[in-house]
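Bear in mind the structure is a predicted one, so any value in this text is a computation, not a measurement. Just so it is clear, the values below take in all heavy atoms, side chains as well, and ignore hydrogens, waters and symmetry mates.
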Amino acid sequence: MRGLCVNYGHIEAIRDISFNVEEGTIATLIGANGAGKTTTLKTISGLRKVRAGAIIFDGKDITHMPPYERVLRGISQSPEGRGCFPGMSVRENLDMGAYTRKDRKTPAYQQDLDRVFDLFPRLKEREKQPAGSMSGGEQQMLAIGRALMAKPRLLLLDEPSMGLAPKLIAQIFTIITEINAQGTTVLLVEQNAAQALKRADTAHILETGEVVRSGTGAELAADGSVKAAYLGGDV
Ligand code: ATP
């Protein structure tokens, strides 16, 4: 991201944001409500128009590329609020994640499906269940699984721990680490700063649309002002 600015009408949602996500790492964006985290992810996905600045992915300028082409290039997102298709089964939701793939009848596709079911055995158990009847945590797993079915090189996760019980939060973060260990680069937006900083190679603090601090996850987790503002008594 190079000097990225995004507006909603006259509101400047993000202003002059620059940061890198290195291949193979987990990067996280931390910030209060309204700081611009979701807007940043939507802009990388191509769902928001850029007013100024550029997004470079794998050496190519994708700033004005349509969203579906970004998926083809390897960017896929699990959105805030999960966005599962409620009337479709778990399996159909996963297949929708692979909509742009042409290899859906091949063993490679089945392998990717198996990988998602290995990461989330609950989805395998409920393959035929309508997504709308799944619990919040199960729908979160489904949203991440669906994003993985696009075979992303960069996985964007918007608040994957939102609304989940503590035990499930820990499980989701373990799975995110596992997804990264299997070779997928991750950009994670989180309000659960303690968990996110623990897992992240690099972290950026967003305040009212601007990056105000960057560092390794460990550096920011140890920083007094970050602790006071975002970690409470958590760490
Ligand atoms: P949260 O943690 O609450 O989800 P966030 O950091 O993801 O917040 P954004 O959703 O990116 O923040 O919002 C950034 C700013 O842009 C906020 O001031 C918000 O009110 C504004 N905004 C977001 N979406 C819209 C929209 N569709 N129309 C107008 N303003 C919007």
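Under the 3.5 Å distance criterion, the side-chain polar atoms of Lys37 are left unmatched by any main-chain donor or acceptor of Leu206. In terms of modelled atom types and a separation under 3.5 Å, the side chain of Gln191 and the main chain of Ile30 share no donor-acceptor contact. Between the Thr184 side chain and the Asn180 main chain, no donor and acceptor come within less than 3.5 Å of each other. The closest donor-acceptor contact from the side chain of Arg199 to the backbone of Ile26 lies at 3.5 Å or more, if one exists at all. Asn93 places a side-chain N or O within donor-acceptor distance of the main-chain N or O of Phe85, the cut-off being under 3.5 Å. Judged by distance alone, with hydrogens and angles left aside, the side-chain atoms of Ser89 form no donor-acceptor pair with the main-chain N or O of Gln129 at under 3.5 Å.
Side-chain N/O atoms of Asp223 and Tyr230 include no donor and acceptor closer than 3.5 Å. Side-chain atoms of Glu80 and Thr38 form a donor-acceptor pair, as typed in the model, at a separation below 3.5 Å.
The CD1 atom of Ile44 sits 13.0 Å away from the NZ atom of Lys42 when rounded to the nearest 0.5 Å. Atom CG of Leu142 and atom CD of Gln139 lie 7.5 Å apart (nearest 0.5 Å). Residue Glu69 holds its CD atom at 11.5 Å from CD1 of Ile75, rounded to the nearest 0.5 Å. In this structure, Lys151 NZ and Thr100 OG1 are separated by 11.5 Å, a value rounded to the nearest 0.5 Å. Note that CD1 of Ile14 and CG of Asn7 are 9.5 Å apart. Values are rounded to the nearest 0.5 Å. If you take CD on Glu138 and CZ on Arg82, they are separated by 10.5 Å, rounding to the nearest 0.5 Å.
The list of ring pair (Phe, Tyr, Trp, His ring centres under 6.0 Å) pairs with a residue in residues 141-193, not counting sequence neighbours, is empty.
Residues Glu207 and Arg213 are not paired through a salt bridge, judged by the lack of any N-O separation under 4.0 Å between the basic side chain and the carboxylate.
With hydrophobic clusters built from ILVMFWY side chains whose heavy atoms lie under 4.5 angstrom apart, Leu187 shares a cluster with Val50. Met96 and Leu157 sit in two unconnected hydrophobic clusters of ILVMFWY residues. Membership requires side-chain heavy atoms under 4.5 Å apart, directly or through other members. Note: the hydrophobic cluster containing Val211 also contains Met1 (ILVMFWY, side chain heavy atoms under 4.5 Å, direct or indirect links). There is a path of hydrophobic side-chain contacts, each under 4.5 Å, that joins Phe57 to Ile17.
Residues Leu94 and Val116 meet the side-chain proximity criterion, which asks for heavy atoms closer than 4.5 Å. Under the 4.5 Å side-chain criterion, counting only non-hydrogen atoms from C-beta, Gln140 is not in contact with Met162. Counting heavy atoms from C-beta on, the side chains of Asp114 and Gln110 come closer than 4.5 Å. Proximity of Asp58 to Arg73: side-chain heavy atoms (C-beta onward) are nowhere separated by under 4.5 Å. Side chains of Leu197 and Thr216 form no contact here, defined as non-hydrogen atoms less than 4.5 Å apart. Put simply, the side chain of Pro79 reaches to within 4.5 Å of the side chain of Arg146, judged on heavy atoms. Proximity of Thr177 to Val186: side-chain heavy atoms (C-beta onward) are nowhere separated by under 4.5 Å. Residues Val71 and Tyr99 form no side-chain contact, since every pair of their non-hydrogen atoms from C-beta on lies 4.5 Å or further apart.
Closest approach of Pro160 and Ile144 over heavy atoms only: CB-CD1, 4.2 Å. Arg15 and Thr208 get closest at one heavy-atom pair: NH2-O, 2.8 Å. Taking every heavy atom of both residues into account, Ser78 and Ala147 meet most closely at N-CB, 4.0 Å. Looking at every heavy atom in both residues, Thr202 comes nearest to His204 through OG1-NE2, 4.3 Å. Pairing each heavy atom of Gly145 with each of Phe120, the nearest pair is N-CE1, 4.1 Å. In terms of heavy-atom proximity, Thr28 sits nearest to Leu188 at OG1-O, 2.9 Å.
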Practice prompt. Test side-chain contact (heavy atoms from CB on, under 4.5 Å) on Leu119 and Leu148 and set out the steps.
Written response: CA-CA 11 Å; Leu119 287 167; Leu148 284 176; 3.7 Å; yes

Discussion item. For Arg2 and Thr63: C-alpha separation, side-chain torsions, deciding distance, then whether side-chain contact (heavy atoms from CB on, under 4.5 Å) applies.
Written reply: CA-CA 10 Å; Arg2 310 258 169 86; Thr63 315; over 6 Å; no

Worksheet item: salt bridge (Lys or Arg N to Asp or Glu O under 4.0 Å) between Arg101 and Asp112: does it pass, once the steps are laid out?
Response: CA-CA 12 Å; Arg101 288 177 61 171; Asp112 290 336; 2.8 Å; yes

Fill in: Met134 vs Met141, side-chain contact (heavy atoms from CB on, under 4.5 Å): CA-CA, chis, key distance, verdict
CA-CA 10 Å; Met134 305 266 283; Met141 294 174 193; over 6 Å; no

Discussion item. I'd like to know whether Asp16 forms a side-chain contact (heavy atoms from CB on, under 4.5 Å) with Leu4, so could you lay out the CA-CA distance, the side-chain angles of the two residues, the decisive distance to 0.1 Å, and finally the verdict.
Written reply: CA-CA 5 Å; Asp16 197 17; Leu4 212 66; over 6 Å; no

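With sequence neighbours excluded, the residues that form a side-chain hydrogen bond (donor to acceptor under 3.5 Å, both in side chains) with Arg115 are Gln182. For Glu190, the side-chain hydrogen bond (donor to acceptor under 3.5 Å, both in side chains) partners are Ser161, not counting sequence neighbours.
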